[in-house]
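Quick notes on the structure that follows.
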Protein chains: 2
Amino acid sequence: MADANILNAGNTAASAQFLREAEIRRGIELLYFGYTNMVRGADGLLDRHGLGRAHHRALYFIARRPAMPVGDLLALLNITKQSLSRVLADLQTRGLVIQAVGQRDRRQRLLELTPEGAALEAALFEELRTGMAGAYAQAGQNAVTGFWAVLTGLIPAADRPMIQELQAGL
Amino acid sequence: MADANILNAGNTAASAQFLREAEIRRGIELLYFGYTNMVRGADGLLDRHGLGRAHHRALYFIARRPAMPVGDLLALLNITKQSLSRVLADLQTRGLVIQAVGQRDRRQRLLELTPEGAALEAALFEELRTGMAGAYAQAGQNAVTGFWAVLTGLIPAADRPMIQELQAGL
DNA sequence: ATATTTGCGTCAGCCATGTTGACGTATTTC
DNA sequence: GAAATACGTCAACATGGCTGACGCAAATAT
């Protein structure tokens, strides 16, 4: 009896630990596959335009926050300015993005999409929208709320305001 | 009155559409930032071992499914064998991974972690576990279920069995 | 039994996108 | 007027994808 209790206690703890790890791994894997499938959704269209995923990310955020200064985009993307500059140069050469001198601070360069850039971004968004809307519909509104909650928890608290500002008022 | 109703109907539809797009964009952004923050969690440890993210992915899946044939890993990672071969060569050179000839099919090469490989994978997992466990705890079990549901919906139905098999019995 | 297909490896080269380091210039702030 | 800031640029390099071509051993089909 005592022995059985000891064994049970051990098994229960081990089992709980085991479940925890399985649940964590499940989250890691679904996050990996979910993310890669989402971004893959736009690859065909990007290819047809001779652009890559880095271009897509820049277009996306410029569409999301028009008149965003270069420094803000750098902070969002978390890459070096040298990496971003190649991408922005491509986008400007192709007439998808333009820069304006900031009024408040004339050192800033505010990024904007041209009409062509906006049209392309809309088409790229549509590719992502389809998949995401399907997943939302399948999972239900309650699941969507949980989806957001867990993902928000994965983001360092220090970065959350930046992302919330991105989503503010939209 | 009739005019007001017409306007309301229009506004309601536009508003619903607007909300839908905002919700989709929110999901896209949280998925992007959540994913990148998760993977970034292991970068320090990887750096100290002179490995990259591609090595991490391979180690992860080999740990998850010991004795996995090369072809299965290729299907999971969705990259070319040439890309994978560089990564596997590195891992074998460093004594983290070994290959065994398949018994059922002797053309297959079954991938296994060495004890050193398993130890490194465990340490890498621990880096991810911290963040994921924190997010789960903050969001709650119900949210976790929704998180899984939405992510599953993002994965093409054809790929889901492969991923479920990965998680089966664990 | 031979022909074909499959699983895997490899050589060679290219592309996209990230990095570091150094330096320049206009503008703002102290 | 000096220092800090926002941005741009040149150069070199690393990582991790890709295509194409070829080879071999083992399994499978005819």
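Here is the naming used below: chain letters follow the sequence lines, and residue numbers restart at 1 for every chain.
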- [ ] Taking only heavy atoms on the protein side, list every residue of residues 75-94 of chain B lying under 4.0 Å from any atom of DNA chain C, sorted numerically.
- [x] B:Lys81, B:Gln82
Task: Minimum-distance pair of heavy atoms, taken over all atoms of B:Thr114 and B:Gly95 - done: OG1-O, 2.6 Å
Task: Over all atoms of both residues, closest heavy-atom pair of A:Arg65 and A:Ala168 - done: NH2-O, 2.7 Å
TODO: May I ask you to establish whether A:Arg25 and B:Phe125 are in a cation-pi arrangement, using a distance under 6.0 Å from NZ or CZ to the six-membered ring centre and at most 45° from the ring axis?
DONE: yes
Which donor-acceptor pairs under 3.5 Å do the side chains of residues 71-81 of chain B make with protein atoms, sequence neighbours left out?
| residue | atom | partner | partner atom | Å |
| --- | --- | --- | --- | --- |
| B:Thr80 | OG1 | B:Ser83 | N | 3.3 |
| B:Thr80 | OG1 | B:Ser83 | OG | 3.2 |

Task: For the student: nearest non-hydrogen atoms of A:Gly41 and A:Glu127, plus distance - done: O-OE1, 3.4 Å
Task: Note: B:Glu29-A:Arg64 ion pair, threshold 4.0 Å (strictly below) - done: yes
Task: A:Val70 versus A:Gln99, closest heavy-atom pair with distance - done: CG2-NE2, 3.8 Å
TODO: Could you pull out the closest heavy-atom pair between B:Glu112 and B:Pro66, with the gap in Å?
DONE: OE1-CB, 3.7 Å
- [ ] Output yes when B:Arg129 and A:Glu21 qualify as a salt bridge under the 4.0 Å nitrogen-oxygen rule, no when they do not.
- [x] no
Open item on the list: Under 4.0 Å, heavy atom to any atom of DNA chain D: which of residues 98-111 of chain A qualify?
Closed with: A:Gln99, A:Arg107, A:Gln108, A:Arg109
Task: Members of residues 42-63 of chain B that approach DNA chain C, where some heavy atom sits under 4.0 Å away - done: none
TODO: Please check if the side chain of B:Arg109 supplies one atom and the backbone of B:Arg107 the other of a donor-acceptor pair under 3.5 Å.
DONE: yes
- [ ] Taking all non-hydrogen atoms of both residues into account, name the closest pair between A:His55 and A:Asp90 and its distance.
- [x] NE2-OD2, 2.8 Å
Task: For chain A, the stretch of DNA chain C it reaches, first to last nucleotide, under 4.0 Å of its heavy atoms - done: C:dT17 to C:dT28
Per-pair distances, 0.1 Å, donor-acceptor, side chain in residues 144-158 of chain B, under 3.5 Å, sequence neighbours excluded:
| residue | atom | partner | partner atom | Å |
| --- | --- | --- | --- | --- |
| B:Thr145 | OG1 | B:Gln141 | O | 3.2 |
| B:Trp148 | NE1 | B:Tyr136 | OH | 3.1 |
| B:Thr152 | OG1 | B:Trp148 | O | 2.7 |

